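We name chains A, B, ... by the order of the sequence lines, and we start the count at 1 in each one. Since we're looking at a predicted model, the values are computed, not measured.
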There are 2 protein chains.
Amino acid sequence: MKRKTSQREAIQEVFRQQNRPLGIEDILAQGRAMVASLNQATVYRNLKALVEKGWLSQINHPSLGTVYERTGMEHHHHFHCHSCNHLFCLSGCPVSADRIAPEGFVVEEHELFLSGICPTCNAEQVLPEIKNS
Amino acid sequence: MKRKTSQREAIQEVFRQQNRPLGIEDILAQGRAMVASLNQATVYRNLKALVEKGWLSQINHPSLGTVYERTGMEHHHHFHCHSCNHLFCLSGCPVSADRIAPEGFVVEEHELFLSGICPTCNAEQVLPEIKNS
DNA sequence: GTCGTTGCAAAGCCTTTGCAGGGAA
DNA sequence: TTCCCTGCAAAGGCTTTGCAACGAC
């Protein structure tokens, strides 16, 4: 990562604009809006480089597979809306570390994945007539 | 799944003997100890069938990928020991459901993955001389 | 002009599927 | 004997890699 390229700029710009964890498909589609020739292999290579550089971190989500998010946030977890399929970062952590595992287990890390309906989709479900009026 | 076969019996026996979540590699290796001809495709097909039947459930683990465990346990989570690489089921749930997500998010499911060192590996680390004496 | 990066295509994993032969009932 | 199930091999997704051409500096 010694030279600045329009491809990598586009990938980073996608993350800045979306401000949420993204999968390869999203990154590629939106990156191509900026650099039409953008190739899958280039995206994979740059994502890997940006993770190594510490600009992104990789998440292996149980439902969504591999997604990437910008680094720099505090410890947090993710909420997957299975209506719009977006992933949301939730600040804070409802996991009490001390009573988390039985005697003898040394807990070094934990990951919590929530899923359900996000506020936006929930509003649309409850009040669909608003959208249609 | 209308006929009983030695292959499927072997796969189920592996789960009974190990009594912990298992990945395809483990299932295949240990199943072959019972039925030498056991094929990967057969394992995949039977795992899928046993999941549909409700005898197994599938876990998409962030570090281990796809693993399977016997059904019938209460709500629980998993601990991954990154020394022996085994997955342990932990009873109970340290996630307080009410304060789990901000206003507006409807939480329907959650999954918690812990990782660290299991009691056995921890004992070996602390007292390695016992093993060697 | 260098040599880091890209695009393309091929190749690697893991998992699924098509098909003919084998075995349970 | 029937036809479900298995083994084998080929094919599907997702991701990585080899290589020649491009382009940042």
Table of protein N/O atoms under 3.5 Å from nucleotides 19-23 of chain D N/O atoms:
unit_1: D:dG23; atom_1: N2; unit_2: A:Arg3; atom_2: NH1; d: 2.2

TODO: Search all heavy atoms of B:Arg20 against all heavy atoms of B:Leu87 and return the closest pair with its distance.
DONE: CB-O, 3.8 Å
Task: A:Glu74 atom CD, over 12 foreign heavy atoms within 6.0 Å - done: no
Task: Side chain proximity check, B:Val95 to A:Leu112, heavy atoms < 4.5 angstrom - done: yes
TODO: Return the value, rounded to whole Å, for the distance between atom NZ of B:Lys48 and atom C1' of D:dC5.
DONE: 15 Å
TODO: Please determine if a side-chain N or O atom of B:Gln7 lies less than 4.0 Å away from the OP1 or OP2 oxygen of C:dG23.
DONE: no
TODO: Specify the separation, in whole Å, of atom CD of B:Glu9 and atom P of C:dA24.
DONE: 11 Å
Task: Pair A:His110 + B:His77: ring centers closer than 6.0 Å - done: no
TODO: Examine D:dT6: is either OP1 or OP2 under 4.0 Å from a nitrogen or oxygen in the side chain of B:Thr5? Give yes or no.
DONE: yes
Open item on the list: Before we go on, tell me: are the rings of A:His80 and A:His61 under 6.0 Å apart, centre to centre?
Closed with: yes
Task: Expected output: side-chain A:Arg32 to main-chain A:Leu38 donor-acceptor under 3.5 Å - done: yes
Task: Distance in angstrom units between A:Arg8 CZ and C:dG7 C1', rounded - done: 15 Å
Open item on the list: Under 3.5 Å, is there a donor on one side chain and an acceptor on the other for A:His76 and A:Glu69?
Closed with: yes
TODO: Figure out the CD/C1' separation between B:Gln40 and D:dA11, and round it to whole Å.
DONE: 15 Å
- [ ] Would you kindly give the CG-to-P distance between A:Asn46 and C:dT5, to the nearest whole Å?
- [x] 8 Å
- [ ] For the pair A:His86 and A:Phe88, name the ring-plane relationship: parallel under 30°, tilted 30 to 60°, perpendicular over 60°.
- [x] tilted
TODO: Could you tell me the separation between the NZ atom of B:Lys4 and the C1' atom of D:dT6, rounded to a whole number of Å?
DONE: 18 Å
Open item on the list: Without decimals, in angstroms, what is the distance between B:Leu38 CG and D:dC8 C1'?
Closed with: 14 Å
Task: Presence of A:Ser37 side-chain N/O under 4.0 Å of C:dG7 phosphate oxygens OP1/OP2 - done: yes
- [ ] Rounded off to whole Å, could you give me the NZ-to-P distance for the B:Lys2 and D:dC5 pair?
- [x] 8 Å
Show each protein N/O and nucleotides 9-14 of chain C N/O combination with a separation under 3.5 Å, one pair to a line.
none

TODO: Examine B:Tyr68 together with B:Phe15 and report whether their ring centres are nearer than 6.0 Å.
DONE: no
